[in-house]
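Worksheet: the structure to be examined is printed underneath.
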Amino acid sequence: MIISMVSRATQKEVEYVCNKIKSFGYTAHPIQGEERVVIGAVGDGKEKDHIISVMESVPGVESVIPISQPFKLVGKELKKEKTVIQMDDFSIGGDEFVVMAGPCSVEFREQLFTTAENVKAAGAKVLRGGAYKPRTSPYDFQGLEEEGLKILAEARERTGLKIITEIISTENVELVNEYTDIFQVGARNMQNFALLKKLGKTKRPVLLKRGLMATLKEFLMSAEYIVSQGNPEVILCERGIRTFETYTRNTLDISAVPALHCLSHLPVIVDPSHGTGKRPLIAPVSNAAVAAGADGLLVEVHPKPEEAFSDGAQSLLPSEFQELMDGVRKYVSVDGRKL
Ligand code: PEP
Ligand code: MN
């Protein structure tokens, strides 16, 4: 339920409401809005009517409204303003369009450093690179693990770019947390609930990819797992879903972008690389993502795609990435945003 406080409510009154809610076995999630504090109260729904009538009579409470959607905290019902994730000198979800780019996997120091310098020069703000790779075949390259994390951290030192890397297991949360700026949860782990809960206890933004077969509701329920544990900084990423079409690697659901913005206050970014699997399609789909209102992109770039350990066929050369950015920049400015 959504408990709206009167605009002049005191801190003490807000605390009282939160404690009262907890006494019913609910969790309280206060959100400071522009005018007033709104408290999201989430529980099992038992005795809801009774709790609503009690809460309505608590001093400082203006109104109590049940939340109809199952995703309580990430939905628009509770919070209308978009979530903006501040990353030192830029932010995700506000009026900036943020591009994250880099190789599918971290392979060698030189490979990552060259890519990092190139994507930075083209305007990317975040360097991507997998150190733990969730591969379909156990015989394929599985990632450099901690060595890869160290190389990523060194690339951050050299360039000032933030880094994002995939976390594939609960066992590695502490270790990856020591290195990364943003956790990436891949499509295959979208419903790894133990992992989501653990990431919900960290203080780092989590980029959550849509599962291969996930509906938008399932996707938002996974985001809810993270936020309900206390971490509000989740970025949703549309990366294509599996359909009958085989020409493209996945079918990028462009309508997911405005749909997620209708349903949720979280930032939404698009991964045109996994979404299409084909180099020539990546720039046009990136432009479409801007037009659909996406908050950014996650793009694979490799200095020698033909030698890449993973996803070479969908990796752009640095020069192609520069062209993509030049194109995207025009659409972003038409939209009144900046890149
Ligand atoms: C990746 O980003 O390299 C990746 C494995 O993506 P996804 O989880 O979308 O397949
Ligand atoms: Mn990849």
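We count ligands from 1, going down the list as the structure has it; atoms in each ligand are counted the same way. As the structure is a computational prediction, the values presented were derived from the model and not from experiment.
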message = Suppose we measure from atom 2 (O) of ligand 1 to each protein heavy atom; which comes out shortest, and what is that distance?
response = R128 NH1, 2.8 Å
inquiry  = I need the atoms of ligand 1 closer than 4.0 Å to a non-hydrogen atom of Q184, numbered in the order shown.
reply    = 1 (C), 2 (O)
query = Is the shortest distance from a Lys or Arg side-chain nitrogen in K133 or D140 to a carboxylate oxygen in the other one below 4.0 Å?
reply = no
request  = Before accepting this row, confirm whether a basic side-chain N of the pair E62/R36 lies closer than 4.0 Å to the acidic partner's carboxylate O.
outcome  = yes
request  = Please confirm whether F309 and F108 have ring centers closer than 6.0 angstrom.
outcome  = yes
ask   = Which protein heavy atom lies closest to atom 9 (O) of ligand 1, and at what distance to 0.1 Å?
value = R239 NE, 2.6 Å
ask   = Under a 4.0 Å N-O cut-off, is there an ion pair linking R204 with E233?
value = no
ask   = With a cut-off of 4.0 Å, which atoms of ligand 1 are near a heavy atom of G186?
value = 8 (O)
key: C104 neighbourhood, listing ligand 1 atoms whose heavy-atom distance to it stays under 4.0 Å   = 3 (O)
inquiry  = Under a 3.5 Å distance rule, please check whether N192 uses its side chain to pair with a backbone N or O of L195 as donor and acceptor.
reply    = yes
ask   = Salt bridge check: are E178 and K150 linked by an N-O gap of less than 4.0 Å?
value = no
N-O pairing of K125 and D89 below 4.0 Å = no
inquiry  = Using a 3.5 Å cut-off on N or O atoms only, is E166 in polar contact with ligand 1?
reply    = no
inquiry  = Has T115 got a side-chain atom pairing as donor or acceptor with Q111's backbone, closer than 3.5 angstrom?
reply    = yes
query = Purely on distance, is any nitrogen or oxygen of A187 under 3.5 Å from one on ligand 1?
reply = yes
remark   = Closest heavy-atom approach to atom 1 (C) of ligand 1 among E238, H274, M190 is made by H274
query = Below 4.0 angstrom, N of the basic side chain to O of the carboxylate: do R128 and E300 qualify?
reply = yes
Option from V99, V299, V119 for which side chain to side chain contact (heavy atoms under 4.5 Å, CB included) with M325 holds = V99
key: Listed protein N/O/S atoms, distance to the Mn ion (ligand 2) under 2.8 Å   = C104 SG, H274 NE2, E300 OE2, D311 OD2
ask   = Going by an N to O cut-off under 4.0 Å, is there a salt bridge joining R135 and D311?
value = no
query = Got the closest protein heavy atom to atom 6 (O) of ligand 1, with its distance?
reply = K209 NZ, 2.9 Å
request  = Ignoring angles and geometry beyond distance, decide whether K133 reaches within less than 3.5 Å of ligand 1 through its nitrogen or oxygen atoms.
outcome  = yes
